[in-house]
2 protein chains.
Amino acid sequence: MSALTNAIELLRCFSTARPDLSFADVVAITGKPKSSTSRLLRSLRDCGLLEQDPHTRRYRPGLLTFELGRLHRAHDDLIGTAERELREVCARTGHTGYIAVLDGHEQVVLRIVPGSNPLRVVNPPGQRTSALATSNGRAMLARLSDQDIRARVPGTFPRLPRNAPQNFKQLMERLSEIRRTGVSEASDEAIEGVGSQGFALASGETGELIGIAVSYSVQATTAAERANVRRELAAMAGKLRRMTGDPLGQTGMPLRTGAGAR
Amino acid sequence: MSALTNAIELLRCFSTARPDLSFADVVAITGKPKSSTSRLLRSLRDCGLLEQDPHTRRYRPGLLTFELGRLHRAHDDLIGTAERELREVCARTGHTGYIAVLDGHEQVVLRIVPGSNPLRVVNPPGQRTSALATSNGRAMLARLSDQDIRARVPGTFPRLPRNAPQNFKQLMERLSEIRRTGVSEASDEAIEGVGSQGFALASGETGELIGIAVSYSVQATTAAERANVRRELAAMAGKLRRMTGDPLGQTGMPLRTGAGAR
DNA sequence: TGGAACGGTTCCAAATTATGGAACGTGGTC
DNA sequence: GACCACGTTCCATAATTTGGAACCGTTCCA
């Protein structure tokens, strides 16, 4: 295990749930020896990847991560293009839009487009959640090979909220339905009372995969409104697939556009 | 030189000017042996600190930097408080506001508050510039000890635009004027045609230091308007210093508030 | 006041890891 | 077909990391 690997393991202890950690926290989380952790934390601080509060002595991500984070895919056309389209849909429907990428069996929110409807934003950019319990997460997974999916999901299936798949078999059923219908939906899963619909978009050039979703309050939304969202998403998916050269846009596999689905 | 040091040196090659780099670029910039660079780039990619475009094979900051960057000072009260005040001033004056921190002799933009006046935003968050040529950069430096400043400025004084200090002596003159008057101003320095006024704010608890500036077009602004900005900044500085326990707010060193300065 | 637990750092020999020059692909291009 | 730019792999040497144990300073509690 290289020094870099250890450093990364340490950096990965930080999350939105725990944006700052003490030395003891890190030792407890990683289980590494105190001496190694002490040295490594200092190195990371000295090089700018971490900062240390001079008063509490707690560590947090440093200036360098901020700078680099601002650079991340700043130039990326796929995400920018998708975001523009998503903004229009969100403006029309009033709902909240998300763009995320896959990382293993999890996803990370890249962009959020707040809707005009009052729905508390609980997933700011940078938020990491299970991709198994979201509409756009599953939409992304549905575009991978079964063996790739198998490799991404941990041996012991993660514990997920009630309406989400509870085991690998249920997951695969949801994914094959997405593959069949082109529609991915989640309701009352990752977040209580929130539903969403999403799809995955792949760049024809780079193969890069992103997930786009529109989310809304389940109880404040009628079936007709949800059907409207489905139409909006189908139109957006079609347009974006043409624009980005998504292979799925060319193999003639359309999103179901009628209101008949359910 | 530790493995981590090398990794950081490599990460620091990326900037807003060069958000993605090829293997050869990195070798050219760092001057390191090809073999070491090749291995290190792959390690950084494998651990998520870098991404590699599958088509062009160029490297760019990875998902992990994005996640960590979102965490950076997410909880920070000093910056949040300052930003709220700055928003009000920018709303009143129509000018563009900046919050930055010092890193060596450079500064990094943390927040930007776009004004209503049309002035192209050239310094997005994450932008790194010389702190010697900006109003808030010099305001921060002015609060450090002379020996600390000496240690931060490189041996060979950096080449700066015409109106900026051209050598260490000129810099110290500008800084002592800031210390004396409490006013920091820049005009036609880092950016052609742009002027700014700024001040530094230190947290009484943590000692953390940030620089706050308001910038405007030099030719589109009258002397009266600039005097108004000075008043606004003085009021904001006073209020923030009281709120954050800035030592400078207690030692009775006020910002000049009258319109008489110049 | 003693002392035990907590939080964190330093030390040092052993072992793993990085290093970089050279050789080796792999396309493109003249 | 030779040449060049770009990039990777190899391998003995050199350097760094590693982690148990000792250590230092606070805090908490009896």
Side-chain angles (χ1 to χ4, degrees), chain A residues 1-15 17-62 64-65 68 75 204-208, chain B residues 1-15 17-62 64-65 68 71 75 205-208:
Chain A
M1 184 168 281
S2 72
L4 192 60
T5 314
N6 285 331
I8 297 307
E9 182 182 358
L10 209 152
L11 287 176
R12 287 199 185 275
C13 295
F14 296 87
S15 66
R18 316 194 215 86
D20 64 339
L21 298 169
S22 71
F23 169 83
D25 292 337
V26 177
V27 170
I29 295 170
T30 62
K32 295 275 169 199
K34 287 197 299 176
S35 55
S36 308
T37 306
S38 179
R39 260 177 286 121
L40 198 45
L41 277 173
R42 190 171 16 176
S43 300
L44 288 168
R45 167 168 59 81
D46 290 346
C47 73
L49 239 27
L50 291 180
E51 288 173 358
Q52 188 173 25
D53 185 302
H55 190 235
T56 66
R57 302 183 56 74
R58 294 173 72 82
Y59 293 91
R60 61 186 179 206
L64 182 56
T65 67
L68 292 170
H75 61 104
E205 287 182 50
T206 66
E208 196 182 357
Chain B
M1 182 170 281
S2 75
L4 193 60
T5 313
N6 285 331
I8 298 307
E9 181 181 357
L10 208 152
L11 287 176
R12 285 197 186 276
C13 295
F14 296 86
S15 66
R18 316 194 212 87
D20 63 340
L21 298 169
S22 70
F23 169 83
D25 292 337
V26 177
V27 169
I29 295 170
T30 62
K32 295 275 171 201
K34 287 195 299 176
S35 55
S36 308
T37 307
S38 179
R39 259 177 289 122
L40 197 45
L41 277 173
R42 192 173 14 182
S43 301
L44 288 169
R45 167 167 59 81
D46 291 345
C47 72
L49 238 29
L50 291 181
E51 288 174 357
Q52 188 172 26
D53 186 301
H55 190 235
T56 67
R57 303 183 57 71
R58 293 173 73 83
Y59 293 91
R60 60 186 179 205
L64 182 57
T65 66
L68 293 170
L71 259 36
H75 62 105
E205 287 183 50
T206 66
E208 195 183 357

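Each chain gets a letter, A, B and so on, in the order its sequence line appears, and its residues count up from 1.
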(request) Write down the distance between NZ (A:K32) and P (D:dG20), rounded to a whole number of angstrom. (result) 11 Å

(request) May I have the distance from B:L40 (atom CG) to C:dA18 (atom C1'), rounded to whole angstrom? (result) 10 Å

(message) How close do B:Q52 and B:R57 get, counting heavy atoms only, and between which atoms?
(response) NE2-O, 3.1 Å

(request) Would you indicate whether the side-chain heavy atoms of B:Y59 and B:L41 approach each other to under 4.5 Å? (result) yes

(request) Examine distances only and state if a side-chain atom of B:S43 and a backbone atom of B:R39 form a donor-acceptor pair shorter than 3.5 Å. (result) yes

(message) Regarding C:dG21, can its base be found pairing with the side chain of B:S35 as donor and acceptor, where the two atoms are less than 3.5 Å apart?
(response) yes

(message) Is there a side chain to side chain contact (heavy atoms under 4.5 Å, CB included) between B:D20 and B:D53? Walk through the geometry before answering.
(response) CA-CA 9 Å; B:D20 63 340; B:D53 186 301; over 6 Å; no

(request) Determine: side-chain N/O of B:N6 to OP1/OP2 of D:dT16, distance under 4.0 Å, yes or no. (result) no

(request) Grab the CG-C1' distance between B:L41 and D:dT9 for me, whole Å please. (result) 15 Å

(request) Of all the heavy-atom pairs spanning B:L68 and A:L11, show the shortest one and how long it is. (result) CD2-O, 3.6 Å

(request) State, yes or no, whether a side-chain contact exists between A:L64 and B:T65 at a heavy-atom distance under 4.5 Å. (result) no

(request) Check whether the side chain of B:R39 and the base of C:dG20 form a donor-acceptor pair under 3.5 Å. (result) yes

(request) Using a cut-off of strictly less than 4.0 Å, decide whether B:S38 has a side-chain nitrogen or oxygen near OP1 or OP2 of D:dG7. (result) no

(request) Can you tell me the distance, in whole Å, between the CZ atom of B:R45 and the C1' atom of D:dG7? (result) 12 Å

(message) So if I take every side-chain heavy atom of A:S2 and compare against C:dA18, D:dT18, D:dT8, which nucleotide ends up nearest?
(response) C:dA18

(request) Would you mind reading off the distance between B:L4 atom CG and C:dT19 atom P, rounded to a whole angstrom? (result) 11 Å

(request) Considering non-hydrogen atoms only, spot the tightest contact between B:P61 and B:P19 and give its length. (result) CD-O, 3.4 Å

Please tabulate, one pair per line, each protein N/O and nucleotide N/O from nucleotides 5-7 of chain C that are separated by under 3.5 Å, including the distance.
none

(request) May I ask you to evaluate whether A:R57 reaches the phosphate of C:dT9, defined as a side-chain N or O under 4.0 Å from OP1 or OP2? (result) yes

(request) Grab the CG-P distance between B:L21 and D:dC6 for me, whole Å please. (result) 13 Å

(request) Report yes if some heavy atom in the side chain of A:L40 is under 4.5 Å from a heavy atom in the side chain of A:K32; otherwise report no. (result) no

(message) Need the bend value for the helix from C:dT1-D:dA30 to C:dC30-D:dG1: angle between end axes, 5 pairs each end, nearest 10°.
(response) 30°

(request) Find which nucleotide of DNA chain C each of A:R42 and B:P33 is nearest to by heavy atoms, and output the residue with the more 5' nucleotide. (result) A:R42

(request) For residues B:L71 and A:R60, determine if any side-chain heavy atom of one lies less than 4.5 Å from a side-chain heavy atom of the other. (result) no

(request) Verify the distance criterion only: is there a donor paired with an acceptor across the side chains of B:D25 and B:S22 at less than 3.5 Å? (result) yes

(request) Using atom OH of A:Y59 as one end and atom C1' of C:dT9 as the other, report the distance to the nearest whole Å. (result) 10 Å

(request) Grab the CD-C1' distance between B:E9 and C:dA18 for me, whole Å please. (result) 15 Å

